[in-house]
Amino acid sequence: MNKISIIGTGSVGSTIAYTLTVMGIASEIVMIDINSEKAMGEALDIRQGTPFCGACSIYAGDYRDTSGSDIVIITSGIARKPGQTRLELAQTNVNITKSIIPQITKYAPDAIYIIVSNPVDILTYTFNKMSGLPENRIIGSGTILDTARLRSRLSEYYNINQSNVHAYVFGEHGDSSFIPWSVANISNVPISECHELIKTPGIETPELDYDEIEQYVKKSGGRVIARKGATFYAVSVSVCHICKCLLGGIDTTMTISTMLHGEYGIEDVCLSTLNLVGHDGIRGKVNVTLTEEENAKLRFSADTLKEVLRNLNI
């Protein structure tokens with residue numbers, strides 16, 4: 001029996017609930033929203049499709065109903081508008097998160113919390129400072145989505161299965177993120193050598209344009225929002241992957257936002273590096289060796305977030 005509660009039933013929250021149901025990850029899902037009618041409608045719509053999925057009890061509720069949750073997913077907040085940065089959302093969504101924390105932790109003090117709302121690194125930091133929960137049970141979805149976008153793009157470049165692509169996005173889930181190319185590889189072939197070593201008869205592979213890939217990853221969210229008004233499919237699958245790894249109990253590496261304590265010379269800020277995630281939440285960090293330039297980019301990302309934090313009321 002796996003119980004997951006979702007706070008916020010907008011596009012992201014409801015799509016996460018739908019994806020959890022279709023993937024058979026949870027046996028009980030509670031959907032909570034300030035607009036209770038919306039939550040009830042979403043739960044009913046998903047529930048009526050469950051005869052064709054794994055058995056799952058899905059319903060709208062309130063904070064009391066989250067009692068006994070294994071995982072609580074926070075998606076509530078104001079969504080990013082076209083042309084708006086994630087960081088411009090900061091104070092509004094910090095205030096919403098601060099109002100939620102005491103209500104939810106009262107009923108689900110033993111759950112693992114996944115923060116998805118933006119700006120995710122700022123809100124993960126807020127949750128760490130305000131909730132009183134152990135840090136290993138607070139996970140920001142961070143750059144797991146950016147990493148998925150990167151792997152998707154590289155798999156297109158080399159016409160190869162995404163599961164063979166090992167590359168990551170580090171730092172802020174936002175404009176100061178970066179790709180540590182020194183650790184990127186495809187089936188153990190360093191990315192810098194892939195153009196020479198990965199040959200498919202009849203297919204001409206273009207030279208890898210690092211800047212184009214980096215911009216593709218950074219601008220993907222904005223491009224989707226400009227075209228359809230919101231992003232929710234890819235982030236929902238990414239969050240469900242975190243849930244699956246938490247409930248599966250076998251440690252898995254992923255780029256998620258966590259509090260740093262001196263790693264890479266960075267302290268007292270939440271951003272994404274490589275972490276081990278398992279049944280108890282964050283099991284540890286995988287501190288990969290970065291180049292001097294990559295270390296500088298990570299510190300710049302940390303400084304960007306710290307500057308925002310200095311101007312917020314947390």
Side-chain angles (χ1 to χ4, degrees), residues 85-90 115 118-126 128-129 135 138-154 157 165-186 188-195 207-222 238 253-277 282 284-312 314:
T85 69
R86 294 178 183 90
L87 295 181
E88 285 167 355
L89 289 173
I115 319 302
N118 276 317
V120 65
D121 303 292
I122 301 296
L123 299 183
T124 303
Y125 182 88
T126 303
N128 270 282
K129 293 298 182 182
E135 288 181 6
I138 302 170
I139 295 171
S141 56
T143 62
I144 190 167
L145 171 57
D146 309 76
T147 294
R149 287 169 172 158
L150 170 62
R151 290 177 175 175
S152 168
R153 186 73 185 94
L154 289 173
Y157 235 88
V165 180
H166 305 283
Y168 311 98
V169 178
F170 276 21
E172 173 207 353
H173 176 49
D175 291 339
S176 70
S177 67
F178 73 100
I179 300 165
W181 290 110
S182 67
V183 297
N185 70 82
I186 295 176
N188 283 333
V189 177
I191 208 76
S192 59
E193 299 173 25
C194 285
H195 184 68
E207 193 85 43
L208 193 66
D209 185 336
Y210 294 99
D211 289 337
E212 186 273 327
I213 299 284
E214 200 127 5
Q215 287 308 306
Y216 172 89
V217 171
K218 286 183 182 181
K219 303 301 180 188
S220 282
S238 301
T253 59
M254 61 183 75
T255 50
I256 51 172
S257 186
T258 60
M259 184 71 77
L260 266 65
H261 295 286
E263 298 87 356
Y264 305 100
I266 299 169
E267 291 201 48
D268 196 38
V269 70
C270 292
L271 48 68
S272 291
T273 57
L274 205 53
N275 287 261
L276 273 176
V277 173
I282 301 159
K285 287 182 166 62
V286 182
N287 295 321
V288 297
T289 302
L290 302 177
T291 66
E292 209 170 297
E293 183 185 0
E294 290 163 354
N295 267 305
K297 287 180 177 178
L298 190 61
R299 285 195 292 273
F300 173 77
S301 197
D303 290 341
T304 300
L305 288 163
K306 284 184 176 183
E307 183 60 33
V308 175
L309 288 167
R310 271 193 287 273
N311 293 303
L312 291 175
I314 293 179

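In this text the structure is predicted, and so the values were computed from the model without any measurement. In what follows, residues are counted from 1 in the order of the sequence shown.
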Decide side-chain contact (heavy atoms from CB on, under 4.5 Å) for Ile282 and Ile138; before the verdict, give the C-alpha distance in whole Å, the side-chain angles of both, and the deciding distance to 0.1 Å.
CA-CA 8 Å; Ile282 301 159; Ile138 302 170; 6.0 Å; no
Verdict with supporting geometry, Leu154 and Leu150, side-chain contact (heavy atoms from CB on, under 4.5 Å)
CA-CA 6 Å; Leu154 289 173; Leu150 170 62; 3.8 Å; yes
Criterion side-chain contact (heavy atoms from CB on, under 4.5 Å) on Cys270 and Thr258, from CA distance to verdict
CA-CA 5 Å; Cys270 292; Thr258 60; over 6 Å; no
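With Asn118 contributing its side chain and Val120 its backbone, the two residues share a donor-acceptor pair below 3.5 Å. A distance-only check finds no donor-acceptor pair linking the side chain of Ser177 to the backbone of His173 [under 3.5 Å]. One N or O on the side chain of Glu214 and one on the backbone of Ile179 form a donor-acceptor pair closer than 3.5 Å. Here the side chain of Ser272 pairs a donor or acceptor atom with the backbone of Thr143 at under 3.5 angstrom. A donor-acceptor pair under 3.5 Å links the side-chain atoms of Thr291 to the main chain of Glu294, judged by distance alone. Side-chain atoms of Lys285 never come within 3.5 Å of backbone atoms of Leu276 as a donor-acceptor pair (strictly under, hydrogens ignored). A donor-acceptor contact shorter than 3.5 Å is absent between the side chain of Thr255 and the backbone of Thr273.
In summary, the side chains of Asp121 and Ser257 do present a donor paired with an acceptor at a separation below 3.5 Å, with no hydrogens or angles considered.
With a 4.5 Å cut-off on side-chain heavy atoms, Leu271 and Glu172 do not count as touching. Contact check for Arg151 versus Tyr168: side-chain heavy atoms found under the 4.5 Å cut-off. Taking 4.5 Å as the limit, some side-chain heavy atom of Ile122 sits within range of a side-chain heavy atom of Val308. Residues Glu212 and Tyr157 form a side-chain contact, since some pair of their non-hydrogen atoms from C-beta on lies under 4.5 Å apart.
A salt bridge links Lys129 to Asp268: one of the charged nitrogens lies within less than 4.0 Å of a carboxylate oxygen. Salt bridge Glu307/Arg310: present, at least one basic N to carboxylate O contact under 4.0 Å.
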